[in-house]
Structures are given as structure tokens and as C-alpha cells.
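Atoms considered below: every heavy atom in the structure, side chains included; atoms not considered: hydrogens, waters and symmetry mates.
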Amino acid sequence: MQSWDLKTVEAEPHQPQILASAEDARTIVLHLPAGEKLQEHEVHERARVVVVDGEVDVTAPGEETVAASTGHLFEFDPGERHTIAARSDARLLLMLTPWPGDGHPGAMTLEQKAEVRQRARRHQA
């Protein structure tokens with residue numbers, strides 16, 4: 001068994017702390033300082049975000065902003081775009097499932113990665 005006290009796990013701003021990573025999921029703690037935000041983004045996996053501490057505003061395109069504080073849980077489908085803005089220093093728990101998701105570079109075979117690199121070189125030329 002492994003366990004973590006999510007309020008005391010060391011997590012520096014801009015340095016996500018990976019707690020666990022396996023084929024079924026990846027679990028990460030993020031420290032988002034007041035006034036900063038995770039710009040609109042998406043991931044290849046289903047993302048669940050728990051506000052462990054602090055206050056954030058979460059927005060998905062075409063939807064209202066949700067103000068959230070400690071204990072709030074969000075779930076995003078793979079590829080669903082969203083923004084998270086910290087109204088105060090915030091600590092977030094991020095769970096990505098499955099890990100890595102379809103299309104994630106970590107899920108690609110070596111041949112697929114070589115093909116992507118080759119296409120990128122052709123576009124740069």
C-alpha cells in the first residue's frame with residue numbers, strides 16, 4: 001500500500017509532482033499560485049481534478065465558469081478543453097486515466113514516433 005497526505009506533498013509552482021504512474025492511471029499534485037492559470041488545454045486521457053486546497057475558477061469552452069474550493073471534483077473527457085485559474089494559492093490533484101491515453105506520445109510505438117518525427121521534418125523544410 002502507498003499513501004499520501006495531499007496537503008503536505010511537496011509541490012512547487014510549475015513543477016508537477018507525480019505521485020504514481022501505472023498502465024491504468026497517473027496521479028499528479030499541482031501547486032497553482034494565486035493569479036496564475038493553466039491556459040486552455042486538453043489531454044489525451046480522461047482527467048479528474050480535485051481541489052485539495054485553495055480556490056479556482058474552471059472554464060470549458062461554451063460553458064459557464066465554475067468557482068470551486070477545497071473538495072470540489074471536476075471530470076473532463078479525453079480531448080475536452082478547459083482552463084483552470086487560481087483565485088488563491090491552490091493545490092490540485094490530477095488523475096489521468098488510462099495512462100497514457102490514445103494519441104499520447106507515451107502510448108506510441110517506436111515506429112509511430114519515428115513517423116511523427118519524419119513528418120515534422122518534412123513540414124520544417
A.B. asks: State yes or no: do Leu30 and Phe74 share one hydrophobic cluster built from I, L, V, M, F, W and Y residues joined by side-chain heavy-atom distances below 4.5 Å, directly or via other members?
C.D. replies: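 Yes, Leu30 and Phe74 fall within the same hydrophobic cluster.
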
A.B. asks: With Leu93, which of Asp53, Val51, Val50 fulfils side-chain contact (heavy atoms from CB on, under 4.5 Å)?
C.D. replies: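 When Asp53, Val51, Val50 are each tested with Leu93, the side-chain contact (heavy atoms from CB on, under 4.5 Å) holds only for Val50.
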
A.B. asks: Restricting to ring-ring contact (aromatic ring centres under 6.0 Å, His included), what partner residues turn up for His82, sequence neighbours left out?
C.D. replies: His41, Phe76

A.B. asks: When hydrophobic residues are tied together by side-chain contacts of less than 4.5 Å, even through go-betweens, does Val58 share a cluster with Val52?
C.D. replies: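 Per the 4.5 Å side-chain linkage, Val58 and Val52 are not co-clustered.
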
A.B. asks: Of all the heavy-atom pairs spanning Arg46 and Asp77, show the shortest one and how long it is.
C.D. replies: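 Closest approach of Arg46 to Asp77: NH1-OD1, 2.6 Å.
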
A.B. asks: Just to verify, what does Ala60 make a side-chain contact (heavy atoms from CB on, under 4.5 Å) with, not counting sequence neighbours?
C.D. replies: Glu63, Glu80

A.B. asks: Do Ile84 and Leu96 sit in the same hydrophobic cluster, where Ile, Leu, Val, Met, Phe, Trp and Tyr count as joined when their side-chain heavy atoms come under 4.5 Å apart?
C.D. replies: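 Yes, same cluster.
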
A.B. asks: Using residues 4-19 as the side-chain source, report each donor-acceptor pair under 3.5 Å to any protein atom, sequence neighbours left out, with the distance given to one decimal.
C.D. replies:
residue	atom	partner	partner atom	Å
Asp5	OD1	Lys7	N	3.1
Thr8	OG1	Asp5	O	3.2
His14	NE2	Glu36	OE1	3.1

A.B. asks: Can you get from Leu73 to Leu38 by hopping between Ile, Leu, Val, Met, Phe, Trp and Tyr side chains that sit under 4.5 Å apart?
C.D. replies: no

A.B. asks: Atom CG of Leu94 and atom CZ of Arg48: how far apart are they, to the nearest 0.5 Å?
C.D. replies: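 Interatomic distance, Leu94 CG to Arg48 CZ, rounded to 0.5 Å: 11.0 Å.
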
A.B. asks: Compare all side-chain heavy atoms of Ser21 with those of Arg26 and state whether any distance is below 4.5 angstrom.
C.D. replies: yes

A.B. asks: For residues 85-95, which residue pairs qualify under side-chain hydrogen bond (donor to acceptor under 3.5 Å, both in side chains), counting only residues two or more places apart or in two chains?
C.D. replies: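 For residues 85-95, and leaving out neighbouring residues, the side-chain hydrogen bond (donor to acceptor under 3.5 Å, both in side chains) pairs sorted by first residue read Asp57-Arg87.
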
A.B. asks: First locate atom CD of Glu40, then atom OG1 of Thr83, and finally report the distance between them rounded to the nearest 0.5 Å.
C.D. replies: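 It comes to 5.0 Å.
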
A.B. asks: Could you walk me through whether Val66 and His72 satisfy the side chain to side chain contact (heavy atoms under 4.5 Å, CB included) test, starting with their C-alpha distance in whole Å, then the side-chain angles of each, then the deciding distance to 0.1 Å, before giving a yes or no?
C.D. replies: CA-CA 10 Å; Val66 175; His72 203 110; 4.0 Å; yes

A.B. asks: Does Ser69 have any side-chain hydrogen bond (donor to acceptor under 3.5 Å, both in side chains) partners at least two apart in sequence or in another chain, and if so, which?
C.D. replies: none

A.B. asks: Are Met95 and Thr27 close enough, and set up right, to give a side chain to side chain contact (heavy atoms under 4.5 Å, CB included), and what steps lead you there?
C.D. replies: CA-CA 5 Å; Met95 295 167 280; Thr27 308; 4.1 Å; yes

A.B. asks: Any chance you could pull the hydrophobic cluster mates of Met1, using side-chain heavy atoms under 4.5 angstrom and chaining through other members?
C.D. replies: none

A.B. asks: Can you confirm whether more than 12 heavy atoms, excluding those of Glu64, are under 6.0 Å from its CD atom?
C.D. replies: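 Not more than 12 within 6.0 Å, no.
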
A.B. asks: Search all heavy atoms of Pro33 against all heavy atoms of Ala86 and return the closest pair with its distance.
C.D. replies: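 Minimum heavy-atom separation between Pro33 and Ala86: O-CB, 3.3 Å.
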
A.B. asks: Can you name the nearest heavy-atom pair linking Leu32 to Ala85, along with the distance?
C.D. replies: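 Taking Leu32 first and Ala85 second, the nearest heavy atoms are CD2-C, 4.5 Å.
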
